[in-house]
Amino acid sequence: QVQMVESGGGVGQAGGSLRLSCQGSGRTFSMYSIGWFRQAPGKEREFVASIRSSGSTPDYADAVKGRFTISRDKAKNTVYLQMNSLKAEDTAVYYCAAKSPVVGASYGYWGQGTQVTVSS
């Protein structure tokens, strides 16, 4: 079983920065790929970024590429989302999710979310 809790959300200014953390627990957390997703009011949940167990080949949505950086610290069972050059459209609830290394697996474990509000 994998559990996660997000933190680091809050109010940021356009052009500023925030860093989100996803603190994982469970013996297998470090073996899972971790993704960040976000959902704004009235919109569907969308993919933001992901990182593999090894930390290699991070993936980013076009909307955040070049501005956001995903990383993980396996010793701390934590995945980070560094958000730079914030835009108003980054306002959303951000969730981290875990995906099993099993072939064909989807994101089956989700945190509770943390609110990010960007003010201009």
Side-chain angles (χ1 to χ4, degrees):
Q1 187 66 255
V2 172
Q3 293 181 308
M4 293 158 290
V5 58
E6 301 94 334
S7 62
V11 179
Q13 294 189 3
S17 299
L18 287 172
R19 188 180 73 163
L20 306 184
S21 297
C22 175
Q23 179 68 53
S25 63
R27 184 180 63 83
T28 60
F29 178 79
S30 65
M31 300 176 63
Y32 279 56
S33 294
I34 304 298
W36 284 97
F37 297 80
R38 66 187 183 186
Q39 187 168 25
K43 295 185 177 181
E44 296 294 323
R45 182 183 64 197
E46 66 176 342
F47 169 80
V48 176
S50 66
I51 190 167
R52 296 181 180 181
S53 175
S54 65
S56 65
T57 320
D59 192 29
Y60 301 94
D62 288 343
V64 307
K65 194 170 298 182
R67 299 190 297 119
F68 292 7
T69 302
I70 188 171
S71 62
R72 70 190 304 165
D73 185 337
K74 289 197 171 184
K76 297 181 178 180
N77 265 4
T78 302
V79 176
Y80 303 98
L81 184 68
Q82 179 67 46
M83 308 166 63
N84 297 330
S85 302
L86 287 168
K87 301 178 179 180
E89 52 262 44
D90 295 323
T91 295
V93 177
Y94 284 71
Y95 301 88
C96 62
K99 180 169 67 176
S100 169
V102 174
V103 174
S106 60
Y107 289 97
Y109 300 94
W110 295 80
Q112 85 290 344
T114 185
Q115 176 71 49
V116 171
T117 302
V118 180
S119 174
S120 61

Could you pull out the closest heavy-atom pair between A61 and F47, with the gap in Å?
-> CB-O, 3.4 Å
Flag side-chain contact, heavy atom, 4.5 Å: W36 against Y95 = no
Is the backbone N or O of S30 less than 3.5 Å from a side-chain atom of S53, with the two atoms forming a donor-acceptor pair by type?
-> yes
Just how far is it from atom CD of Q82 to atom OG of S17, taken to the nearest 0.5 Å?
-> 5.5 Å
From OH (Y32) to CE (M4), nearest 0.5 Å | 9.0 Å
Is it true that a side-chain atom of E6 and a backbone atom of C96 form a donor plus acceptor pair closer than 3.5 Å?
-> yes
Would you say T91's side chain and E89's backbone share a donor-acceptor pair under 3.5 angstrom?
-> no
Using the ring of F29 (Phe, Tyr or Trp, six-membered ring only), decide whether R72 places NZ or CZ under 6.0 Å from its centre and within 45 degrees of its axis.
-> yes
Pairwise side-chain contact, F68 with N84, heavy-atom cut-off 4.5 Å (strictly under) = no
Kindly state whether the ring of W110 and the ring of F37 have centres lying under 6.0 angstrom apart.
-> yes
More than 12 non-hydrogen atoms from neighbouring residues, nucleotides or ligands closer than 6.0 Å to CD on E46, yes or no?
-> yes
Which atom of D90 lies closest to which atom of S85, heavy atoms considered | OD2-O, 4.5 Å
Quick check: does any side chain N or O of S100 sit under 3.5 Å from a backbone N or O of V102, one acting as donor and the other as acceptor?
-> yes
Interatomic distance, L18 atom CG to T117 atom OG1 [nearest 0.5 angstrom] = 9.5 Å
Below 4.5 Å, heavy atoms only, C-beta onward: do V79 and K74 meet side chain to side chain?
-> no
Classify the side-chain pair T78/D73 by whether it contains a donor and acceptor separated by less than 3.5 Å.
-> no
Determine, step by step, whether V116 and M83 satisfy the side chain to side chain contact (heavy atoms under 4.5 Å, CB included) criterion, reporting the C-alpha distance in whole Å, the side-chain angles of both residues, the deciding distance to 0.1 Å, and the verdict.
-> CA-CA 10 Å; V116 171; M83 308 166 63; 4.1 Å; yes
For G9, does its backbone N or O pair with a side-chain atom of T114 as donor and acceptor, under 3.5 Å?
-> yes
In this structure, are over 12 heavy atoms from other groups packed under 6.0 Å from Q3 atom CD?
-> no
Does the side chain to side chain contact (heavy atoms under 4.5 Å, CB included) test come out yes or no for K43 and R38, once each step is laid out?
-> CA-CA 10 Å; K43 295 185 177 181; R38 66 187 183 186; over 6 Å; no
Does the S21 side chain pair with the main chain of Q23, one donor and one acceptor, at a distance under 3.5 Å?
-> no
Establish, yes or no, whether the cationic atom of R19 lies under 6.0 Å from the six-membered ring centre of Y80 and within 45° of the ring axis.
-> yes
Heavy-atom pair of closest approach, residues V2 and A98 = CG1-CB, 4.2 Å
Between R52 and D59, is there a salt bridge with N-O shorter than 4.0 Å?
-> no
Within the side chain of Y60, is there an N or O that forms a donor-acceptor pair under 3.5 Å with the backbone of I70?
-> yes
Y107 to S33 - nearest heavy-atom pair and separation = CE2-O, 4.1 Å
